Amino acid sequence: MGTPIHTTTEHKIGTVTYLVVSAQSESAAETLDKKVEKLIRKDMRETAAKRRFRA
(Lines give C-alpha, C1' and ligand atoms only; values in the text may rest on other atoms or scores of the structure.)
Protein backbone atom coordinates (compact mmCIF):
# COMPACT_ATOMS: atom_id res chain seq x y z
CA MET A 1 0.00 0.00 0.00
CA GLY A 2 1.40 3.39 -1.00
CA THR A 3 1.52 6.71 0.74
CA PRO A 4 -1.93 8.35 0.87
CA ILE A 5 -2.44 11.43 -1.26
CA HIS A 6 -3.71 14.41 0.72
CA THR A 7 -5.93 17.05 -0.85
CA THR A 8 -6.59 20.49 0.64
CA THR A 9 -9.76 22.32 -0.37
CA GLU A 10 -11.02 25.72 0.71
CA HIS A 11 -14.71 26.28 1.48
CA LYS A 12 -15.96 29.83 2.11
CA ILE A 13 -19.29 30.42 3.79
CA GLY A 14 -19.97 34.08 4.44
CA THR A 15 -16.89 35.48 6.14
CA VAL A 16 -15.67 32.11 7.41
CA THR A 17 -13.12 30.12 5.41
CA TYR A 18 -12.78 26.41 6.12
CA LEU A 19 -9.64 24.57 4.99
CA VAL A 20 -10.30 20.86 4.62
CA VAL A 21 -7.46 18.37 4.33
CA SER A 22 -8.51 14.94 3.15
CA ALA A 23 -6.91 11.64 2.21
CA GLN A 24 -8.47 8.99 0.03
CA SER A 25 -9.61 5.86 1.83
CA GLU A 26 -11.13 2.72 0.34
CA SER A 27 -12.99 2.02 3.60
CA ALA A 28 -14.52 5.51 3.96
CA ALA A 29 -18.24 5.60 4.69
CA GLU A 30 -18.75 9.33 4.01
CA THR A 31 -18.26 11.48 0.95
CA LEU A 32 -16.19 14.65 1.24
CA ASP A 33 -19.35 16.75 0.85
CA LYS A 34 -21.09 14.98 3.74
CA LYS A 35 -17.99 15.27 5.94
CA VAL A 36 -17.66 19.01 5.29
CA GLU A 37 -21.37 19.52 5.96
CA LYS A 38 -21.06 17.63 9.25
CA LEU A 39 -18.01 19.68 10.32
CA ILE A 40 -19.72 22.98 9.49
CA ARG A 41 -22.85 22.00 11.42
CA LYS A 42 -20.70 21.02 14.42
CA ASP A 43 -18.86 24.36 14.26
CA MET A 44 -22.16 26.25 14.10
CA ARG A 45 -23.52 24.38 17.16
CA GLU A 46 -20.34 25.06 19.15
CA THR A 47 -20.31 28.75 18.16
CA ALA A 48 -23.96 29.14 19.14
CA ALA A 49 -23.31 27.47 22.50
CA LYS A 50 -20.36 29.80 23.21
CA ARG A 51 -22.48 32.86 22.42
CA ARG A 52 -25.19 31.75 24.87
CA PHE A 53 -22.70 31.55 27.72
CA ARG A 54 -21.10 34.95 27.09
CA ALA A 55 -24.12 36.95 28.26
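Computed from a predicted model, the values in this text were never measured in an experiment.
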- Item | Partner set under side chain to side chain donor-acceptor pair (under 3.5 Å) for Thr9, not counting sequence neighbours | His11
Solution key, residues 28-38 side-chain donor-acceptor pairs under 3.5 Å, sequence neighbours excluded:
residue : atom : partner : partner atom : Å
Glu30   : OE2  : Lys38   : NZ           : 3.4
Thr31   : OG1  : Lys34   : N            : 3.2
Glu37   : OE2  : Arg41   : NE           : 3.2
Glu37   : OE2  : Arg41   : NH2          : 3.1

- Query: Does one hydrophobic cluster hold both Leu39 and Met44, with members joined at side-chain heavy-atom distances below 4.5 Å?
  - Reply: no
